[in-house]
There are 4 protein chains.
Amino acid sequence: MLNRVILIGRPTRDPILKYTPSGVAVTTFTLAVDRPFKSESGEREADFIPVVTWRQLAETCANYLRKGRLTAVEGRIQVRNYENSEGKRVYVTEIIADNVRFLESSKSNSNGHQKDDPFQDDGTPIDIDENLPF
Amino acid sequence: MLNRVILIGRPTRDPILKYTPSGVAVTTFTLAVDRPFKSESGEREADFIPVVTWRQLAETCANYLRKGRLTAVEGRIQVRNYENSEGKRVYVTEIIADNVRFLESSKSNSNGHQKDDPFQDDGTPIDIDENLPF
Amino acid sequence: MLNRVILIGRPTRDPILKYTPSGVAVTTFTLAVDRPFKSESGEREADFIPVVTWRQLAETCANYLRKGRLTAVEGRIQVRNYENSEGKRVYVTEIIADNVRFLESSKSNSNGHQKDDPFQDDGTPIDIDENLPF
Amino acid sequence: MLNRVILIGRPTRDPILKYTPSGVAVTTFTLAVDRPFKSESGEREADFIPVVTWRQLAETCANYLRKGRLTAVEGRIQVRNYENSEGKRVYVTEIIADNVRFLESSKSNSNGHQKDDPFQDDGTPIDIDENLPF
DNA sequence: TTTT
DNA sequence: TTTT
């Protein structure tokens with residue numbers, strides 16, 4: 001009924017832009033989010049959280065999102081499940097993002113604003129295609 | 001670096017209170033969160049999101065959380081992975097809650113307040129025990 | 001750059017639907033949000049937070065939002081300022097909501113769903129009219 | 001009943017650390033948060049949002065927070081009111097922060113982590129002193 | 001495996 | 001000015 005996630009972290013790699021059979025743009029990446037405390041053995045730990053973006057926001061992420069650059073993600077948690085090749089049910093948890101902010105864009109200009117950074121809110125109903133098991 | 005989740009939904013069953021070997025209380029439940037749009041076939045859909053609570057909050061959830069009752073959950077996303085019996089790496093995504101609100105408590109009194117509802121914020125560093133593969 | 005607010009509380013009165021000169025629907029109400037701790041003197045306290053909704057969401061709130069009913073609000077903080085009749089600058093802080101959930105709708109049917117509850121996300125850019133000092 | 005705010009912006013000036021009569025540390029600053037769209041006249045606009053931090057987090061902000069540096073703030077909205085010298089009721093809206101992240105700390109080391117950055121969550125109940133009209 |  |  002309400003489902004909101006906000007993350008700040010760093011993509012583990014550059015994103016890859018794909019298209020669904022019906023031509024909808026989709027970009028997937030994993031965000032490494034440092035935990036606010038150390039593990040038992042004193043190491044810094046992180047959660048590696050899969051993020052999916054659609055349509056205009058997917059294109060923007062393909063253009064601006066870069067491995068290792070600090071990034072803020074807003075969206076909702078989605079839990080999909082499907083049957084794998086061995087007939088077992090597999091659960092996949094992803095963030096479906098509707099807002100992404102590039103906090104360390106290499107394309108920032110001198111006053112700190114991102115150039116050519118379109119309005120990134122994507123409030124239209126989510127396409128059915130997003131449930132495809134990429 | 002920042003990791004915040006807010007959900008409103010309904011537990012799919014009553015929670016069960018367990019204790020770690022070191023005696024720390026832990027409660028797990030699944031929250032069914034309706035999606036804000038219908039599926040291709042016109043059905044309402046939901047995400048089924050695992051939630052874990054620890055210590056005092058675990059005890060409170062065991063006492064107040066009930067199957068089907070509207071519930072708000074605040075916390076962070078955690079992604080664990082472990083090797084299963086077949087030697088395969090399995091990823092588990094859960095919400096580690098630090099705040100739970102019982103929006104339809106059956107134990108509310110006539111003026112709408114929850115009785116015996118202690119301060120529910122649990123801001124202390126998370127115990128190492130939480131990484132046990134329950 | 002990122003501005004997100006999530007509240008659960010109760011409207012202090014029924015909302016009133018107005019229209020801007022250009023015909024845009026706008027609804028304003030105050031949400032009473034109980035604080036999670038008691039005051040020095042042991043009393044429950046609340047924050048009284050002004051909320052503004054626009055367009056379709058304003059119409060939906062006029063239809064469903066009711067005084068005293070538990071309500072969830074998602075949006076962003078906006079700080080306006082204007083000069084009052086004595087020439088003094090006055091600051092007004094409001095939540096511009098883009099999602100409102102009626103958690104205790106009196107119009108719920110027997111299986112708990114809200115009837116005629118349209119998709120409430122309103123992700124379009126905010127109209128200039130919202131800066132009018134209502 | 002639930003009250004959560006997450007902001008990313010830039011402090012308009014260096015913070016100043018003060019102490020209440022009872023010796024509790026408090027730091028106040030204003031966060032400039034760019035709006036995601038331009039004004040009617042095509043200008044970028046921002047909301048200027050007052051933020052208050054207490055105790056350990058106040059000390060950390062005094063040490064690390066700097067004017068103009070990108071900063072993430074988590075907390076809750078508080079609406080105070082008091083009578084001013086002319087006997088008029090004045091409303092003050094502030095974010096009481098319980099988590100602050102310095103996204104552009106000048107004290108970051110080469111791998112991007114903040115040095116000497118203590119655990120910043122401050123989950124203890126808020127002190128009565130915070131209601132003093134600073 | 002699932003809530004209303 | 002305030003909700004339960």
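Lettering of chains follows the sequences in order, A, B, ..., and the numbering in each one begins at 1.
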Which of the following nucleotides, [options], is nearest to the side chain of [X]?
X	options	value
C:T30	F:dT3, F:dT2, E:dT1	F:dT2
C:D34	E:dT2, F:dT4, E:dT3	F:dT4
C:K67	E:dT2, F:dT3, F:dT1	F:dT3
B:A46	E:dT3, E:dT1, F:dT1	E:dT3

Value in whole Å for how far the [atom2] atom of [N] lies from [atom1] of [X]:
X	N	atom1	atom2	answer
B:L65	E:dT2	CG	P	19 Å
B:L103	F:dT3	CG	C1'	15 Å
C:D14	F:dT1	CG	P	21 Å
C:D47	F:dT1	CG	C1'	16 Å
B:E43	E:dT2	CD	P	13 Å
C:R66	F:dT3	CZ	C1'	15 Å
A:R89	E:dT2	CZ	P	9 Å
C:F29	F:dT1	CZ	C1'	17 Å

Which part of the nucleic acid does B:G9 contact within heavy-atom distance under 4.0 Å: base, sugar-phosphate only, or nothing?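 B:G9: no heavy atom of the nucleic acid under 4.0 Å.
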Checking D:E86 now: which residues fulfil side chain to side chain donor-acceptor pair (under 3.5 Å) with it, not counting sequence neighbours?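 Residues passing side chain to side chain donor-acceptor pair (under 3.5 Å) with D:E86: none at all.
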Which atom pair, heavy atoms only, marks the closest approach of C:A97 to C:L57?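 Distance-wise, the nearest heavy atoms are O-CD2, 3.6 Å.
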Point-to-point distance, once rounded to the nearest 0.5 Å, from CD1 of A:I95 to CZ of A:R4: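 Rounded to the nearest 0.5 Å, the CD1-CZ separation comes out at 10.5 Å.
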Going by centres under 5.5 angstrom and planes under 30 degrees, do the aromatic ring of B:F48 and the base ring of E:dT2 stack?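 Per 5.5 Å and 30° rule: yes, stacked.
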Respond yes when some side-chain nitrogen or oxygen of B:R69 is under 4.0 Å from OP1 or OP2 of E:dT4, and no when none is.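 Looking at the OP1 and OP2 atoms of E:dT4, neither is under 4.0 Å from any side-chain N or O of B:R69.
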Counting just side-chain N and O atoms, does C:R13 come under 4.0 Å of either OP1 or OP2 of F:dT3?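 So the side-chain polar atoms of C:R13 never come under 4.0 Å of the phosphate oxygens OP1 or OP2 of F:dT3.
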Should C:T71 and C:Y64 be marked as a side-chain contact (heavy atoms from CB on, under 4.5 Å) after you check the CA-CA gap, both sets of side-chain angles, and the distance that decides it? CA-CA 10 Å; C:T71 304; C:Y64 289 93; over 6 Å; no
For A:E83, enumerate each residue passing the salt bridge (charged side-chain N to carboxylate O under 4.0 Å, His left out) test, keeping only those at least two apart in sequence or located in another chain.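 By the salt bridge (charged side-chain N to carboxylate O under 4.0 Å, His left out) rule, A:E83 matches A:R89.
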